[in-house]
Amino acid sequence: MTLEYTSGMLEMAHEILAAGAKPYTDEQLKEIPRIINTKSRYFLAVDLNDYEILRDVFTDAGENGFTATWNGRPGAQSIEAQIASSKATTDKSAMVPLHFAHNQIVRFIDDTHAQLLTRMHDYHTYKDNGDTYSGYGFYVDDMLKCEDGVWRISALRLDYGVLLGSLRR
């Protein structure tokens with residue numbers, strides 16, 4: 001099944017793409033791996049069902065607390081609700097969840113706020129019969145550098161363009 005990307009996500013993606021063409025400062029260049037590391041930790045924590053690490057990649061200290069959006073529709077509106085959603089959809093006792101991130105670009109808003117554009121492919125195989133669920137899309141995440149100096153996700157946004165198979169809940 002193919003889906004249309006939402007206009008808001010496309011606008012944010014184009015803004016990040018345009019900003020990514022401009023030179024980064026030396027300080028920003030030092031922060032980019034830290035920002036991308038947060039997103040990598042997110043994907044691996046989901047795949048490994050490591051909910052303590054997953055909890056640590058999010059923050060509710062952003063302007064609107066923590067929020068998630070899926071193809072333009074509101075998702076979890078708290079860190080605990082996001083973790084519960086992850087538990088319900090990627091339980092490794094029932095499946096082998098795999099998330100892949102590519103082509104990441106960072107747009108800095110200021111010294112403690114950034115947005116991260118990430119192309120994504122997820123591929124999940126169910127253990128009982130080998131059925132697969134797979135999707136392709138992109139994330140635009142609001143990143144906040146917290147008081148401890150660690151970048152965390154304050155807004156998680158995903159738009160799928162292609163979905164193959166069925167996700168069981």
*Asks:* Kindly write out the residues that satisfy side-chain contact (heavy atoms from CB on, under 4.5 Å) with Asn37, not counting sequence neighbours, or none if the list is empty.
*Replies:* Arg41
*Asks:* For the residue pair Tyr24 and Phe108, categorise the inter-ring angle as parallel (less than 30°), tilted (30 to 60°) or perpendicular (more than 60°).
*Replies:* perpendicular
*Asks:* State yes or no: do Leu17 and Met120 share one hydrophobic cluster built from I, L, V, M, F, W and Y residues joined by side-chain heavy-atom distances below 4.5 Å, directly or via other members?
*Replies:* yes
*Asks:* Does the side chain of Ile153 reach to within under 4.5 Å of the side chain of Arg157, using non-hydrogen atoms?
*Replies:* no
*Asks:* Are there more than 12 heavy atoms of other residues, nucleotides or ligands under 6.0 Å from atom CG of Asp26?
*Replies:* no
*Asks:* Within the structure provided, determine whether Leu54 and Asp56 are in side-chain contact (heavy-atom separation under 4.5 Å).
*Replies:* no
*Asks:* Is Arg152 close to Val57 at the side-chain level, that is, under 4.5 Å between some pair of heavy atoms?
*Replies:* no
*Asks:* With Glu11, which residues qualify under side-chain contact (heavy atoms from CB on, under 4.5 Å), at least two apart?
*Replies:* Ser7
*Asks:* Roughly how far, to the nearest 0.5 Å, is NZ of Lys127 from CG of Asp91?
*Replies:* 8.0 Å
*Asks:* Measuring from Lys145:NZ to Thr38:OG1, what's the distance to the nearest 0.5 Å?
*Replies:* 11.0 Å
*Asks:* Report yes or no: do Leu10 and Ile105 belong to one cluster of Ile/Leu/Val/Met/Phe/Trp/Tyr joined by side chain heavy-atom distances under 4.5 Å?
*Replies:* yes
*Asks:* Is any side-chain heavy atom of Asn103 less than 4.5 Å from a side-chain heavy atom of Phe138?
*Replies:* no
*Asks:* Would you call Asp47-Lys92 a salt bridge at under 4.0 Å N-O?
*Replies:* no
*Asks:* Walk me through whether Phe43 and Phe100 qualify under ring-ring contact (aromatic ring centres under 6.0 Å, His included).
*Replies:* CA-CA 8 Å; Phe43 285 127; Phe100 305 94; 9.0 Å; no
*Asks:* Verify the cluster assignment for Met143 and Leu29: are they in a single hydrophobic cluster under the rule of side-chain heavy atoms below 4.5 Å apart?
*Replies:* yes
*Asks:* Might you point out which heavy atoms bring Thr90 and Pro97 nearest each other, and give the distance in Å?
*Replies:* O-CG, 3.7 Å
*Asks:* Would you say Leu156 and Tyr139 make side-chain contact, with heavy atoms under 4.5 Å?
*Replies:* yes
*Asks:* Between Asp159 and Thr6, does any side-chain donor sit less than 3.5 Å from a side-chain acceptor?
*Replies:* yes
*Asks:* Rounded to the nearest 0.5 Å, how far apart are OG of Ser166 and CE of Met1?
*Replies:* 8.0 Å
*Asks:* With Glu27, which residues qualify under side-chain contact (heavy atoms from CB on, under 4.5 Å), at least two apart?
*Replies:* Thr25, Lys30, Glu31
*Asks:* One pair to check against side chain to side chain contact (heavy atoms under 4.5 Å, CB included): Gln115 and Val140. What are the steps and the verdict?
*Replies:* CA-CA 7 Å; Gln115 284 188 314; Val140 173; 4.0 Å; yes
*Asks:* For Ala114 and Ile35, which heavy atoms make the closest approach, and how far apart are they?
*Replies:* CB-CD1, 4.0 Å
*Asks:* Parallel under 30°, tilted from 30 to 60°, perpendicular over 60°: which one fits the rings of His121 and Tyr123?
*Replies:* perpendicular
*Asks:* Does any N or O in the side chain of Ser134 come within less than 3.5 Å of the main-chain N or O of Asp122, such that one atom is a donor and the other an acceptor?
*Replies:* yes
*Asks:* Taking 4.0 angstrom as the limit, do Asp141 and Lys39 come out as a salt bridge?
*Replies:* yes
*Asks:* May I have the list of side-chain donor-acceptor pairs in residues 60-72 shorter than 3.5 Å, sequence neighbours left out?
*Replies:*
{"from": "Asn71", "atom 1": "OD1", "to": "Tyr160", "atom 2": "N", "distance (Å)": "2.9"}
{"from": "Asn71", "atom 1": "ND2", "to": "Tyr160", "atom 2": "O", "distance (Å)": "3.2"}

*Asks:* Mind checking who shares a hydrophobic cluster with Tyr136, ILVMFWY linked at side-chain heavy-atom distances under 4.5 Å?
*Replies:* Val162, Leu164
*Asks:* Are side-chain heavy atoms of Gln104 and Leu116 found at a separation under 4.5 Å?
*Replies:* yes
*Asks:* Contact between Trp151 and Leu144 at the side-chain level, heavy atoms closer than 4.5 Å - yes or no?
*Replies:* no
*Asks:* Any side-chain to backbone donor/acceptor pair from Glu52 onto Asp50? Under 3.5 Å, distance only.
*Replies:* no
*Asks:* Quick one: do Ile36 and Leu117 end up in the same hydrophobic cluster if we chain Ile, Leu, Val, Met, Phe, Trp and Tyr together by side-chain heavy atoms under 4.5 Å apart?
*Replies:* yes
*Asks:* Got a donor-acceptor contact below 3.5 angstrom from the Ser86 side chain to the Gln82 backbone?
*Replies:* no
*Asks:* Taking it one step at a time, do Ile79 and Arg55 satisfy side chain to side chain contact (heavy atoms under 4.5 Å, CB included)?
*Replies:* CA-CA 7 Å; Ile79 294 168; Arg55 184 174 282 106; 4.2 Å; yes
*Asks:* Tell me if the CD atom of Glu80 is crowded by more than 12 foreign heavy atoms within 6.0 Å.
*Replies:* yes
*Asks:* Using the side-chain contact (heavy atoms from CB on, under 4.5 Å) criterion, which residues pair with Arg168? Sequence neighbours excluded.
*Replies:* Tyr126, Asp128, Asn129, Asp131
*Asks:* Tell me, do His124 and His99 make a side-chain contact under 4.5 Å, heavy atoms counted?
*Replies:* yes
